[in-house]
Amino acid sequence: MLPAAALAVEAYRNLTRRSWSVRARGRVVGHVETLTLAAAEFRVSAAGVRRVQARQTREVVALVRGIPTESSAIPTGAVRVRFCPYRGPAFTLTDGTPVSAAALVHLAADGTCWAVNPR
């Protein structure tokens, strides 16, 4: 069960469960297959990225923060957003442009991330 819609949550891909882990107030409150967030911000820990690159281990260093909304499909006009700690310390579009926020983000069941109006 996810928290009330007015409460912002953080979501990240859980590679073990093959789902999206959802945190509210710093605690994991659930795991979902898909999630759509409004007024989304992409956050990356630069120190975490350096640790992952140095140690070659997995840890949560990037997440999306936003307000949960109702949606089950990739929105029209959405573009793919990616994150790889070995390629750099930012979420990027497929052409390599860094992204820090978006009006709407859809986290799909296959692990992909889609953003509407990324900036």
Side-chain angles (χ1 to χ4, degrees):
M1 180 175 165
L2 294 178
L7 178 65
V9 298
E10 298 172 334
Y12 58 90
R13 186 68 178 169
N14 186 314
L15 298 173
T16 303
R17 290 179 178 256
R18 295 180 187 237
S19 64
W20 296 96
S21 292
V22 180
R23 289 193 308 208
R25 298 185 183 133
R27 301 188 85 152
V28 175
V29 295
H31 303 281
V32 295
E33 292 295 316
T34 64
L35 180 63
T36 302
L37 301 172
E41 298 174 13
F42 296 99
R43 297 186 176 189
V44 179
S45 165
V49 170
R50 286 191 299 271
R51 277 193 308 274
V52 167
Q53 290 172 343
R55 298 178 186 166
Q56 302 283 310
T57 60
R58 296 188 326 194
E59 73 176 85
V60 177
V61 298
L63 53 86
V64 182
R65 180 177 168 78
I67 300 168
T69 62
E70 293 293 325
S71 179
S72 60
I74 297 170
T76 304
V79 293
R80 178 102 184 256
V81 176
R82 298 172 181 228
F83 174 77
C84 176
Y86 301 107
R87 291 191 177 162
F91 282 86
T92 60
L93 299 177
T94 53
D95 65 2
T97 306
V99 177
S100 62
L104 192 69
V105 170
H106 180 76
L107 305 173
D110 63 359
T112 58
C113 176
W114 300 86
V116 174
N117 297 329
R119 25 182 208 287

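No experiment lies behind these values; they were computed from the predicted model shown.
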More than 12 heavy atoms from other groups under 6.0 Å of CZ on R80: yes

Contacts of type side chain to side chain contact (heavy atoms under 4.5 Å, CB included), residue R119, not counting sequence neighbours: A101

Inter- and intrachain pairs under salt bridge (Lys or Arg N to Asp or Glu O under 4.0 Å), touching residues 41-56, at least two apart: E41-R43, R51-E59

Single-linkage hydrophobic cluster L37~V29, side-chain heavy atoms < 4.5 angstrom: yes

Any residue meeting salt bridge (charged side-chain N to carboxylate O under 4.0 Å, His left out) with E33, in chain and number order, not counting sequence neighbours: none

Where A115 and F42 come nearest, the two heavy atoms and their spacing: CB-CZ, 4.4 Å

F83 CZ to C113 SG distance, which is reported to the nearest 0.5 Å: 12.0 Å

Within-4.5 Å side-chain heavy-atom neighbours: V99 and L93: yes

By side chain to side chain contact (heavy atoms under 4.5 Å, CB included) - contacts of P75 (at least two apart): A78, L104, H106, V116

Separation between CG of N14 and NE2 of H31, rounded to the nearest 0.5 Å: 6.0 Å

Salt bridge (charged side-chain N to carboxylate O under 4.0 Å, His left out) partners for R18, two or more places apart: none

Spacing of S71 atom OG and L107 atom CG [to the nearest 0.5 Å]: 11.0 Å

Minimum side-chain heavy-atom gap Y12-V61 below 4.5 Å: no

Residue pair W20 / R13, side-chain heavy-atom distance below 4.5 Å: yes

Criterion salt bridge (charged side-chain N to carboxylate O under 4.0 Å, His left out) against E10, the qualifying member of R27, R23, R25: R23

With T112 via side chain to side chain donor-acceptor pair (under 3.5 Å) - residues at least two apart: D110, W114

